[in-house]
> 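For reference, the structure I am asking about is given below.
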Protein chains: 2
Amino acid sequence: MRQMAANMSETRDKIVAMADRLVRTQGFNAFSYKDIAAPLEIKNAAVHYHFPAKADLGIEVVEQEIEKFRSQTSRWKKLPEDEQVVKLTEVFRRHSQEGNICLMGSLAPDFRTLSPAMQAKVLEMANAIIDWLTQCLEQGRKQGRLHFKGTAHTRALIIISNLQASLLLSRVIGSSAIRDITEQLLADLRQK
Amino acid sequence: MRQMAANMSETRDKIVAMADRLVRTQGFNAFSYKDIAAPLEIKNAAVHYHFPAKADLGIEVVEQEIEKFRSQTSRWKKLPEDEQVVKLTEVFRRHSQEGNICLMGSLAPDFRTLSPAMQAKVLEMANAIIDWLTQCLEQGRKQGRLHFKGTAHTRALIIISNLQASLLLSRVIGSSAIRDITEQLLADLRQK
DNA sequence: GTCTATATTCCGATAGAC
DNA sequence: GTCTATCGGAATATAGAC
């Protein structure tokens with residue numbers, strides 16, 4: 001996209017990656033520029049150079065997540081729908097193993113404290129995930145590979161809710177929660 | 001419990017109520033003593049008198065929630081299990097109408113930033129809810145009033161997850177989410 | 001129990017040198 | 001692009017008068 005030498009964006013990328021990690025592990029309002037600068041062994045002024053305001057950094061984190069989600073799901077396109085759902089659960093399981101929660105689960109509680117621009121980005125992310133899963137479920141049911149009651153949209157909301165909250169719950173009661181939940185979830189979808 | 005004139009605890013009660021509201025609407029790390037003091041028209045020093053540290057206040061909020069949950073569920077004891085589950089969903093729906101999210105959904109993302117004592121209280125709360133619902137589902141299935149696959153414990157985790165995250169989601173995408181989710185959830189449980 | 005006043009620390013953000 | 005230095009503000013918390 002932007003014309004830029006490879007090393008020029010190196011620091012920038014590291015900052016975004018660190019911010020992503022911190023949002024998921026501590027929450028957007030609970031980390032500071034220092035938390036980013038210190039581990040990267042730079043000064044907070046350097047972070048401000050790349051992202052003048054904290055909201056700018058938050059927006060970039062969400063934007064990259066949307067981009068990542070779209071590229072992932074696009075790679076699953078040729079798989080049967082039930083396997084695509086499995087892939088989705090694996091994304092969450094991987095987050096769990098790294099001690100992360102998903103961005104939605106992290107940013108939704110703080111939603112009202114976010115800048116309007118960042119709120120818009122979070123909404124965009126939510127819609128991207130919900131729309132994709134709705135279509136996946138709809139198609140999967142048509143093909144006879146997935147079974148569920150009610151509309152695909154509502155079922156998508158339920159499944160997203162489960163995956164999100166299972167990460168939250170497992171942070172409190174231990175990581176066995178996410179395994180149990182996702183397995184039962186997939187079993188439900190496979191059962192006629 | 002404690003020996004104390006009625007008016008002596010009035011301010012204290014108001015502080016806890018305000019803190020509860022703020023935890024649910026903004027998150028534990030995003031509100032300050034000023035946010036509590038200003039609407040009550042007292043000074044932040046008065047808040048510190050009742051709760052020396054913010055963690056003390058947080059613990060009290062969670063403790064009162066545990067107490068409230070136990071007294072609510074105890075009042076439902078004589079109802080059929082399927083109606084008890086409906087009662088539970090109504091608690092969440094009421095939260096949604098007031099723009100609140102549940103305490104677990106609010107505190108779980110920030111869990112690692114909480115003091116050990118507060119973490120312990122949050123875990124206690126999680127277990128109280130999960131244990132109650134597990135037993136309710138187990139009993140309901142025995143009575144033939146509730147229908148689900150898998151263990152009651154895993155199903156309890158799934159339902160709690162759904163209710164929690166539906167509040168989070170509805171904050172971002174709008175409040176229709178919670179209605180759709182809970183209705184489908186109850187329909188699932190009623191279907192043989 | 002509540003107040004005024006303040007200590008201390010930290011945060012996001014900016015200015016200007018290099 | 002990164003640094004040093006610092007501003008302005010806000011947060012938690014405490015001391016001491018009333």
Side-chain angles (χ1 to χ4, degrees), chain A residues 2-23 25-62 107 110 112-119, chain B residues 2-23 25-62 107 110 112-119:
Chain A
R2 224 170 320 167
Q3 177 61 23
M4 173 183 292
N7 66 333
M8 281 179 81
S9 60
E10 238 175 48
T11 302
R12 189 187 148 96
D13 289 345
K14 284 182 189 168
I15 290 170
V16 177
M18 187 63 68
D20 180 276
R21 170 97 185 143
L22 285 165
V23 169
T25 53
Q26 313 220 43
F28 185 71
N29 290 319
F31 78 87
S32 72
Y33 274 61
K34 200 191 76 183
D35 296 325
I36 294 177
L40 298 181
E41 291 179 305
I42 58 179
K43 299 298 168 181
N44 75 347
V47 183
H48 276 286
Y49 168 79
H50 292 281
F51 300 96
K54 200 177 176 184
D56 301 320
L57 181 51
I59 289 172
E60 181 66 24
V61 168
V62 179
L107 294 174
D110 300 339
R112 295 174 182 182
T113 71
L114 305 179
S115 72
M118 208 176 148
Q119 288 186 351
Chain B
R2 227 171 315 169
Q3 176 63 24
M4 178 182 288
N7 66 334
M8 280 178 79
S9 60
E10 238 176 48
T11 302
R12 189 187 148 96
D13 288 346
K14 284 182 190 170
I15 290 170
V16 177
M18 187 64 67
D20 180 276
R21 170 98 184 139
L22 285 165
V23 169
T25 54
Q26 312 221 46
F28 186 72
N29 290 319
F31 80 86
S32 72
Y33 273 59
K34 201 191 76 183
D35 296 326
I36 293 178
L40 299 181
E41 290 178 306
I42 57 179
K43 300 298 169 182
N44 74 348
V47 183
H48 275 286
Y49 168 78
H50 292 283
F51 301 97
K54 199 177 176 183
D56 301 321
L57 181 51
I59 288 172
E60 181 66 24
V61 167
V62 180
L107 294 174
D110 301 339
R112 295 176 182 182
T113 71
L114 306 179
S115 72
M118 207 178 151
Q119 288 186 352

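Proteins come first, then strands; the chains are lettered A, B, ... in the order of their sequence lines, and each starts at number 1.
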> Applying salt bridge (Lys or Arg N to Asp or Glu O under 4.0 Å) as the test, list every pair that has at least one member in residues 13-22 of chain A; sequence neighbours left out.
A:Asp20-A:Arg24
> Got a sec? Which of residues 26-37 of chain B come in under 4.0 Å of DNA chain D, heavy atoms?
B:Phe31, B:Ser32, B:Tyr33
> Does D:dT2 have OP1 or OP2 sitting under 4.0 Å from an N or O in the side chain of A:Thr11?
yes
> Counting N and O atoms only, with roles assigned by atom type, does the side chain of B:Tyr33 sit under 3.5 Å from a partner on the main chain of B:Ala46, one being a donor and the other an acceptor?
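Judged by distance alone, no pair lies under 3.5 Å.
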> Please determine whether side chain to side chain contact (heavy atoms under 4.5 Å, CB included) holds for the pair B:Leu40 and B:Thr11, giving the CA-CA distance in whole Å, both sets of side-chain angles, and the decisive distance to 0.1 Å.
CA-CA 9 Å; B:Leu40 299 181; B:Thr11 302; 5.6 Å; no
> Check side chain to side chain contact (heavy atoms under 4.5 Å, CB included) between B:Ala117 and all other residues, then give those that pass, not counting sequence neighbours.
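Side chain to side chain contact (heavy atoms under 4.5 Å, CB included) check on B:Ala117 returns B:Ile59, B:Ser115.
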> With B:Phe51, which residues qualify under ring-ring contact (aromatic ring centres under 6.0 Å, His included), at least two apart?
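Result, ring-ring contact (aromatic ring centres under 6.0 Å, His included) vs B:Phe51: none returned.
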> Check the phosphate of D:dG1 against A:His48, side-chain N and O only, distance under 4.0 Å to OP1 or OP2. Yes or no?
no
> What residues form a side chain to side chain contact (heavy atoms under 4.5 Å, CB included) with A:Ser32, not counting sequence neighbours?
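Partners of A:Ser32 by the side chain to side chain contact (heavy atoms under 4.5 Å, CB included) criterion, ordered by chain and then number, come out as A:Lys34, A:Asp35.
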> To the nearest 0.5 Å, tell me how far A:Asn29 CG sits from B:Thr113 OG1.
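Here the interatomic distance stands at 10.5 Å.
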> Round to a whole Å and report the spacing from CZ of B:Phe51 to C1' of D:dT12.
16 Å
> For A:Lys54 and C:dC10, what is the distance between atoms NZ and C1' respectively, to the nearest whole Å?
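The distance from NZ of A:Lys54 to C1' of C:dC10 comes to 12 Å, rounded to the nearest Å.
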> For residues A:Ala37 and A:Lys43, report the shortest heavy-atom separation together with the two atoms involved.
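Where A:Ala37 meets A:Lys43 most closely, the heavy atoms are CB-C, 3.7 Å.
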> Report all interatomic pairs (protein N or O, nucleotide N or O of nucleotides 3-9 of chain C) with separations under 3.5 Å.
| residue | atom | partner | partner atom | Å |
| --- | --- | --- | --- | --- |
| C:dC3 | OP2 | B:Lys43 | N | 2.7 |

> Look at the side-chain N and O atoms of A:Tyr49 and state whether any lies under 4.0 Å from the OP1 or OP2 oxygen of D:dG1.
yes
